[in-house]
Amino acid sequence: MRKFQREITDRNELLSVLDACQTIRLGLYDDGYPYVVPLSFGYEQVNGKIVIYFHCAKEGKKIDLLARDERVCVEADILNGYVRTDHGVTADYASIIAFGHAEAVSGDEAIHGIELLLNHCRITGYSARDCVKTDIVAVYKITVKEMTGKRRFPPQTNPEVRS
């Protein structure tokens with residue numbers, strides 16, 4: 001990381017960024033170009049590892065790419081606005097990038113993954129069990145191997161001017 005003073009090294013702060021994000025972007029290997037898709041998600045820590053769950057249709061490009069290569073990149077970010085500086089304007093942001101492996105899950109683990117997703121998205125009154133029972137929904141988990149984070153301003157900093 002070029003600007004090491006912006007790196008987020010505290011695990012709780014990394015998870016705080018992930019908590020605040022509504023969407024992750026999943027990067028997959030495709031022929032010649034990366035393929036990136038936005039997804040709703042839920043996550044948890046299991047034995048010190050971060051596990052991210054998402055759901056999708058059982059068919060499509062994402063499923064085809066995951067079948068060929070389970071290695072993925074996950075990006076999530078928060079934009080708090082823009083701040084005037086002595087030499088211009090800069091973004092007040094925090095972001096994470098994670099690398100891991102994705103695998104399809106089923107049964108109780110799929111239900112658990114959907115429950116985490118519903119909780120993270122603050123959706124109530126919907127049955128994770130009923131969602132998983134449908135013939136069109138696939139549930140995947142990403143076991144994170146590495147996660148880094150970056151922010152423009154430390155959490156205690158309050159930039160003066162926003163536009």
**Q** Taking all atoms of both residues into account, what is the closest heavy-atom pair of K62 and C56, and its distance?
**A**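 Looking at all heavy atoms of both residues, the closest pair is CE-CB, 3.5 Å.
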**Q** Mind checking the OG-CD1 spacing from S127 to I114? Nearest 0.5 Å is all I need.
**A**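 These two atoms lie 10.5 Å from each other.
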**Q** State, with a plain yes or no, whether a side-chain heavy atom of V36 is found less than 4.5 Å away from one of L28.
**A**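 Counting from C-beta outward, V36 and L28 never come under 4.5 Å.
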**Q** Quick one, T23 with L39, criterion side chain to side chain contact (heavy atoms under 4.5 Å, CB included). Give me CA distance, side-chain angles, the key distance, then yes/no.
**A** CA-CA 6 Å; T23 304; L39 298 167; 5.7 Å; no
**Q** If you take all heavy atoms of I97 and C73, which pair is closest and at what distance?
**A**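 So the two residues come closest at CG2-SG, 3.7 Å.
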**Q** Apply the test side chain to side chain contact (heavy atoms under 4.5 Å, CB included) to residues Y35 and K61: give CA-CA distance (whole Å), side-chain angles for both, the deciding distance (0.1 Å), then the verdict.
**A** CA-CA 9 Å; Y35 181 73; K61 184 169 186 164; 3.6 Å; yes
**Q** Mind checking the CG-OG1 spacing from N119 to T124? Nearest 0.5 Å is all I need.
**A**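 Here the interatomic distance stands at 10.5 Å.
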**Q** Evaluate side chain to side chain contact (heavy atoms under 4.5 Å, CB included) for H55 paired with V137, printing each intermediate quantity in order.
**A** CA-CA 7 Å; H55 75 304; V137 174; 4.1 Å; yes
**Q** CZ of R71 to CZ of F99: how many Å apart, nearest 0.5 Å?
**A**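 So the CZ of R71 and the CZ of F99 are separated by 11.0 Å.
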**Q** Would you call R68 and D31 a salt bridge, using N to O less than 4.0 angstrom?
**A**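 Answer for the salt bridge query: yes.
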**Q** Check the side chains of Y53 and E109 for a donor-acceptor pair under 3.5 angstrom, ignoring hydrogens and angles.
**A**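 Note: E109 and Y53 side chains meet the donor-acceptor criterion.
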**Q** Is there a continuous path of hydrophobic side-chain contacts, each under 4.5 Å between heavy atoms, that joins L118 to L18?
**A**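 L118 does not cluster with L18.
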**Q** Can you tell me how far the CD1 atom of I96 sits from the OG1 atom of T148, to the nearest 0.5 Å?
**A**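 One gets 8.0 Å once the value is rounded to the nearest 0.5 Å.
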**Q** Looking at A76 and I24, what are the two nearest heavy atoms and their distance?
**A**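 Answer, listing the atom of A76 first, then I24: CB-CG2, 4.2 Å.
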**Q** If two hydrophobic side chains count as joined below 4.5 Å and joins carry through other members, does M147 share a cluster with I78?
**A**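 Linked within one cluster.
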**Q** Quick one: pull up CG in D130 and OG1 in T134 and give me the separation to the nearest 0.5 Å.
**A**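 The CG atom of D130 sits 9.0 Å away from the OG1 atom of T134.
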**Q** Under a 3.5 Å distance rule, please check whether H120 uses its side chain to pair with a backbone N or O of C21 as donor and acceptor.
**A**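 Confirmed, H120 side chain pairs with C21 backbone.
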**Q** Check the side chains of H112 and E44 for a donor-acceptor pair under 3.5 angstrom, ignoring hydrogens and angles.
**A**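 Yes, a side-chain donor-acceptor pair sits under 3.5 Å.
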**Q** Which pair of non-hydrogen atoms, one from D30 and one from Y33, has the smallest distance, and what is that distance?
**A**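 Residues D30 and Y33, closest heavy atoms: CB-O, 3.0 Å.
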**Q** Side chains of Q45 and R11: donor-acceptor distance under 3.5 Å anywhere?
**A**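 Yes, a side-chain donor-acceptor pair sits under 3.5 Å.
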**Q** Would you find more than 12 non-hydrogen atoms of other residues, nucleotides or ligands less than 6.0 Å from K145 atom NZ?
**A**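 Counting other residues, nucleotides and ligands, NZ of K145 exceeds 12 neighbours.
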**Q** Using 4.0 Å as the upper bound for N to carboxylate O, is an ion pair formed by R151 and D92?
**A**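 Salt bridge absent between D92 and R151.
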**Q** With ring-ring contact (aromatic ring centres under 6.0 Å, His included) as the test, would you mind laying out the steps for F41 and F54 before giving the verdict?
**A** CA-CA 5 Å; F41 72 100; F54 68 90; 9.9 Å; no
**Q** When you group the ILVMFWY residues by side-chain heavy-atom contacts below 4.5 Å and let the links chain together, are I63 and V132 in the same group?
**A**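 In one cluster: no.
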**Q** For residues L116 and Y43, report the shortest heavy-atom separation together with the two atoms involved.
**A**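 The answer is CD2-O, 3.8 Å.
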**Q** Tell me, with the steps shown, if V51 and V144 meet side chain to side chain contact (heavy atoms under 4.5 Å, CB included).
**A** CA-CA 6 Å; V51 179; V144 173; over 6 Å; no
**Q** Where is the tightest heavy-atom contact between S40 and L117, given as atom of each residue plus distance?
**A**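 Looking at all heavy atoms of both residues, the closest pair is O-CD1, 3.8 Å.
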**Q** Would L65 and Y29 show up in the same hydrophobic cluster when neighbours are defined by side-chain heavy atoms closer than 4.5 Å?
**A**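 Each belongs to a different hydrophobic cluster.
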**Q** According to a 4.5 Å side-chain heavy-atom criterion applied to Ile, Leu, Val, Met, Phe, Trp and Tyr, with indirect links allowed, do V105 and I142 form part of one hydrophobic cluster?
**A**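 V105 and I142: separate clusters.
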**Q** Between R129 and E115, does at least one N-O distance fall below 4.0 Å, as a salt bridge requires?
**A**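 Looking at R129 and E115, the cut-off is not met.
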